[in-house]
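A quick write-up on the structure given underneath.
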Amino acid sequence: MNTRCVPSTWMQEQPVDFLLLVDFKWLMAGQGWWVDLTRLQRDAAYADGCIASALASRCEPLRQRAEDLQSRCLDLAVVH
């Protein structure tokens, strides 16, 4: 499944809950993956890579946050 979102429609027109992003960032950090939140919100390829890494993690809370972000992305893609 393609999770790609156009950044301008993903987070700029209807911002994702900031707490979800921060939670995702720190859960990723706990796995040794550092996330640039500004880039995550503007670079679709970077966001895809971060989400893919998170979905492959053994950390259930991280996978859930990735699914939440992915769902948000797909919901906006349907609207646009």
Side-chain angles (χ1 to χ4, degrees):
M1 174 186 296
N2 184 0
T3 62
R4 180 165 298 258
C5 289
V6 178
S8 64
T9 59
W10 182 27
M11 292 189 202
Q12 292 174 1
E13 288 180 12
Q14 296 181 15
V16 172
D17 180 5
F18 187 69
L19 292 178
L20 173 62
L21 292 174
V22 170
D23 194 29
F24 180 77
K25 174 185 176 160
W26 287 112
L27 286 166
M28 288 285 281
Q31 301 300 305
W33 297 316
W34 306 107
V35 175
D36 178 339
L37 289 182
T38 301
R39 186 173 176 197
L40 182 72
Q41 295 175 76
R42 295 188 175 137
D43 182 339
Y46 179 76
D48 285 347
C50 289
I51 290 172
S53 294
L55 290 171
S57 170
R58 293 182 185 171
C59 177
E60 177 61 32
L62 175 55
R63 286 194 312 270
Q64 183 59 52
R65 290 306 156 274
E67 289 172 6
D68 293 344
L69 285 174
Q70 187 178 44
S71 173
R72 175 75 173 147
C73 172
L74 293 175
D75 288 346
L76 288 175
V78 170
V79 170
H80 291 84

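- Closest approach of Leu40 and Cys50 over heavy atoms only: CD1-CB, 4.0 Å.
- Pairs of residues two or more places apart, or lying in two chains, never qualify as side-chain hydrogen bond (donor to acceptor under 3.5 Å, both in side chains) while including a residue from residues 49-58.
- Going from atom CG of Leu55 over to atom CG of Leu69 covers 9.5 Å, rounded to the nearest 0.5 Å.
- By the criterion of side-chain heavy atoms lying less than 4.5 angstrom apart, applied directly or through intervening Ile, Leu, Val, Met, Phe, Trp or Tyr residues, Trp26 is grouped together with Phe18 in one hydrophobic cluster.
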Pair Leu20, Arg72 - check side chain to side chain contact (heavy atoms under 4.5 Å, CB included), show working.
CA-CA 11 Å; Leu20 173 62; Arg72 175 75 173 147; 5.6 Å; no

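- Tyr46 is listed as a side-chain neighbour of Val35, based on a closest heavy-atom distance under 4.5 Å.
- Listed by first and then second residue, the salt bridge (charged side-chain N to carboxylate O under 4.0 Å, His left out) pairs involving residues 24-38 amount to none (not counting sequence neighbours).
- The CG atom of Leu27 sits 8.5 Å away from the CZ atom of Phe24 when rounded to the nearest 0.5 Å.
- Listed by first then second residue, pairs satisfying salt bridge (charged side-chain N to carboxylate O under 4.0 Å, His left out) with a partner in residues 60-71 read Asp23-Arg65, Glu60-Arg63, Arg65-Asp68, not counting sequence neighbours.
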